Amino acid sequence: MQSLGHTIHRPFPPPEKKWIMQQTWSNLLFVHFPVSINSLKEVVPRSLSIDTYKEVAWVSLVLFTIENISFKNFRMFTLIPSFAEMNIRTYVTYKGKPGVYFISCDAGNRFVCNVVKRWYSINFYFAKNILIKKNHNNQLFFKSSRMDKNMNDQNIEALYQPTSSVISHAKKDTLDYFLTERYCLFSCNIKNDLFIGNIHHDQWPLQPAYAELNTPEIQISNDVYIPVSPTKLHYVKRMDALFWNIEKL
């Protein structure tokens with residue numbers, strides 16, 4: 001499991017406080033694509049600055065399975081079974097600190113959705129029939145069906161796999177680094193209070209990937225849709241991560 005022994009790859013050091021939770025992510029697919037800054041202004045809190053790479057804003061669709069969730073003092077016990085998740089995120093800064101802002105997260109565990117939505121103030125939605133599994137060609141198949149009274153139903157399917165066994169680590173100041181090496185999330189509640197949640201993990205072991213998606217666009221708010229134009233794809237087999245408690249800024 002992850003440790004704090006290696007931090008040189010981070011853009012800023014991890015918190016001095018003790019972490020509280022750990023989990024494992026597996027079979028991750030990152031689908032990155034550029035978007036207009038104006039399309040994000042309705043969904044990103046005004047207290048955050050939309051981060052850009054060479055003056056271009058980006059959104060990423062991330063598919064993965066979460067496993068081995070445990071808390072620091074109970075690391076031998078995993079009380080929550082593994083489940084699939086899909087998140088839609090964009091890139092932001094707060095007082096110069098880079099992080100991510102989750103536009104939405106869909107997960108196949110209703111308990112986790114409710115807890116994280118309240119604890120972290122993230123837009124979590126329960127998605128029935130969400131899964132990631134291998135098919136007979138050893139490709140990974142993702143499926144998610146969101147049903148929420150405040151959002152239109154969103155049905156997404158994807159078929160993906162790594163296209164090479166070669167692993168690379170993003171170099172600083174590159175687009176790959178901008179899109180992947182983020183070690184905190186920001187969130188905002190209905191009172192417009194801003195929060196930060198710090199995380200830590202090793203540098204992403206990125207592999208090139210191939211993916212087929214069934215959707216030309218994704219919903220980011222009640223009446224805003226953005227086109228999905230996959231420009232960069234990354235695959236990661238596994239990552240162990242540490243989480244700190246969320247803090248109000």
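This structure is a prediction, so every number in the text was calculated from the model and none was measured.
Ser26 OG to Glu67 CD: the interatomic distance, rounded to the nearest 0.5 Å, is 3.5 Å. With rounding to the nearest 0.5 angstrom, the CE atom of Met21 is 5.0 Å from the CZ atom of Phe243. Rounding to the nearest 0.5 Å gives a distance of 10.5 Å between CD1 of Ile37 and OG of Ser49. Taking SG of Cys105 as the reference point, atom OH of Tyr125 lies at 9.5 Å (rounded to 0.5 Å). One distance of note links CD1 of Ile156 with CD1 of Ile218; it measures 6.5 Å at 0.5 Å rounding. With values rounded to the nearest 0.5 angstrom, Ser187 atom OG is found 10.0 Å from Asp193 atom CG.
Each of Trp204, Tyr235, Phe64 was scored for a ring-ring contact (aromatic ring centres under 6.0 Å, His included) with Phe30, with one residue passing: Trp204.
Taking the six-membered ring where tryptophan is involved, the planes of Phe178 and Tyr53 are tilted, since the angle between them lies from 30° to 60°.
Panel note: side chain Gln203, backbone Ala170; a donor-acceptor pair is recorded below 3.5 Å. Side-chain atoms of Ser145 do not come within 3.5 Å of backbone N or O of Asn155 as any donor-acceptor pair. A side-chain donor-acceptor contact under 3.5 Å links Asn135 to the backbone of Asn137. In terms of modelled atom types and a separation under 3.5 Å, the side chain of Tyr160 and the main chain of Asn27 share a donor-acceptor contact. Under the 3.5 Å distance criterion, the side-chain polar atoms of Thr215 are matched with a main-chain donor or acceptor of Glu217.
Shown here for Gly108 and Ile130, the closest heavy-atom pair between the two residues is CA-CG2, 3.1 Å.
Proximity of Val236 to Thr180: side-chain heavy atoms (C-beta onward) are nowhere separated by under 4.5 Å. Counting only heavy atoms from C-beta outward, the side chains of Val92 and Val44 approach each other to under 4.5 Å. The side-chain heavy atoms of Ile196 and Leu185, taken from C-beta on, include no pair separated by under 4.5 Å. Contact check for Ile50 versus Tyr91: no side-chain heavy atoms found under the 4.5 Å cut-off. Looking at Tyr94 and Cys184, their side chains never come closer than 4.5 Å, going by heavy atoms from C-beta outward.
Take Lys95 and apply the side-chain contact (heavy atoms from CB on, under 4.5 Å) test, not counting sequence neighbours, and it matches no residue. Not counting sequence neighbours, Arg89 has no partner by the salt bridge (charged side-chain N to carboxylate O under 4.0 Å, His left out) test. Lys172 is linked by a salt bridge (charged side-chain N to carboxylate O under 4.0 Å, His left out) to nothing, counting only residues two or more places apart in sequence or in another chain. Under the side-chain contact (heavy atoms from CB on, under 4.5 Å) criterion, Ile167 pairs with His169, Pro205, Gln207, not counting sequence neighbours. Take Lys143 and apply the salt bridge (charged side-chain N to carboxylate O under 4.0 Å, His left out) test, not counting sequence neighbours, and it matches no residue. Residues satisfying the side-chain hydrogen bond (donor to acceptor under 3.5 Å, both in side chains) test with Trp25, not counting sequence neighbours, are Gln23. Arg10 meets the side-chain hydrogen bond (donor to acceptor under 3.5 Å, both in side chains) test with His200; sequence neighbours excluded. The salt bridge (charged side-chain N to carboxylate O under 4.0 Å, His left out) test applied to Glu247 returns Lys17, not counting sequence neighbours. For Lys18, the side-chain contact (heavy atoms from CB on, under 4.5 Å) test picks out Lys72, with sequence neighbours left out.
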Kindly list each side-chain donor-acceptor pair under 3.5 angstrom involving residues 80-88, sequence neighbours excluded, with atom names and distances?
none

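Geometrically, Lys133 does not engage Phe142 in a cation-pi contact defined by less than 6.0 Å to the ring centre and at most 45° from the axis. Phe12 carries Lys97 over the face of its six-membered ring, with the cationic atom under 6.0 Å from the centre and within 45° of the normal.
Side-chain contacts under 4.5 Å among hydrophobic residues (ILVMFWY), followed directly or transitively, place Phe141 together with Leu131, Leu159.
Taking 4.0 Å as the cut-off between side-chain N and carboxylate O, Asp176 and Lys232 count as a salt-bridged pair. For the pair Asp173 and Lys171, the salt-bridge criterion is not met [side-chain N within less than 4.0 Å of a carboxylate O].
Asp202 and His9 form no side-chain donor-acceptor contact under 3.5 Å, judged by distance and modelled atom types alone. Between the side chains of Asn123 and Ser104, no donor-acceptor pair is found at a separation under 3.5 Å. A donor-acceptor pair shorter than 3.5 Å can be found between the side chains of Thr24 and Asp240. Judged by distance alone, the side chains of Thr231 and His32 never bring a donor and an acceptor atom under 3.5 Å apart.
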Exercise for the section: Show your working on side-chain contact (heavy atoms from CB on, under 4.5 Å) between Val62 and Leu29 and close with a plain yes or no. Expected result: CA-CA 6 Å; Val62 187; Leu29 174 70; over 6 Å; no
Practice task
Carefully, step by step, assess Leu48 and Thr93 under the rule side-chain contact (heavy atoms from CB on, under 4.5 Å).
Solution key: CA-CA 6 Å; Leu48 297 172; Thr93 61; over 6 Å; no
Problem - Pair Phe126-Asn109, side-chain contact (heavy atoms from CB on, under 4.5 Å): steps then yes or no - result: CA-CA 7 Å; Phe126 175 71; Asn109 186 305; over 6 Å; no
Practice task
Give the intermediate values and the outcome of side-chain contact (heavy atoms from CB on, under 4.5 Å) for residues Leu63 and Leu28.
Solution key: CA-CA 6 Å; Leu63 319 176; Leu28 296 99; over 6 Å; no
Problem - Full working for side-chain hydrogen bond (donor to acceptor under 3.5 Å, both in side chains) between Trp19 and Asn198 - result: CA-CA 9 Å; Trp19 58 270; Asn198 284 284; over 6 Å; no
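Residues in residues 41-57 take part in these salt bridge (Lys or Arg N to Asp or Glu O under 4.0 Å) pairs, two or more places apart or across chains: Asp51-Arg182.
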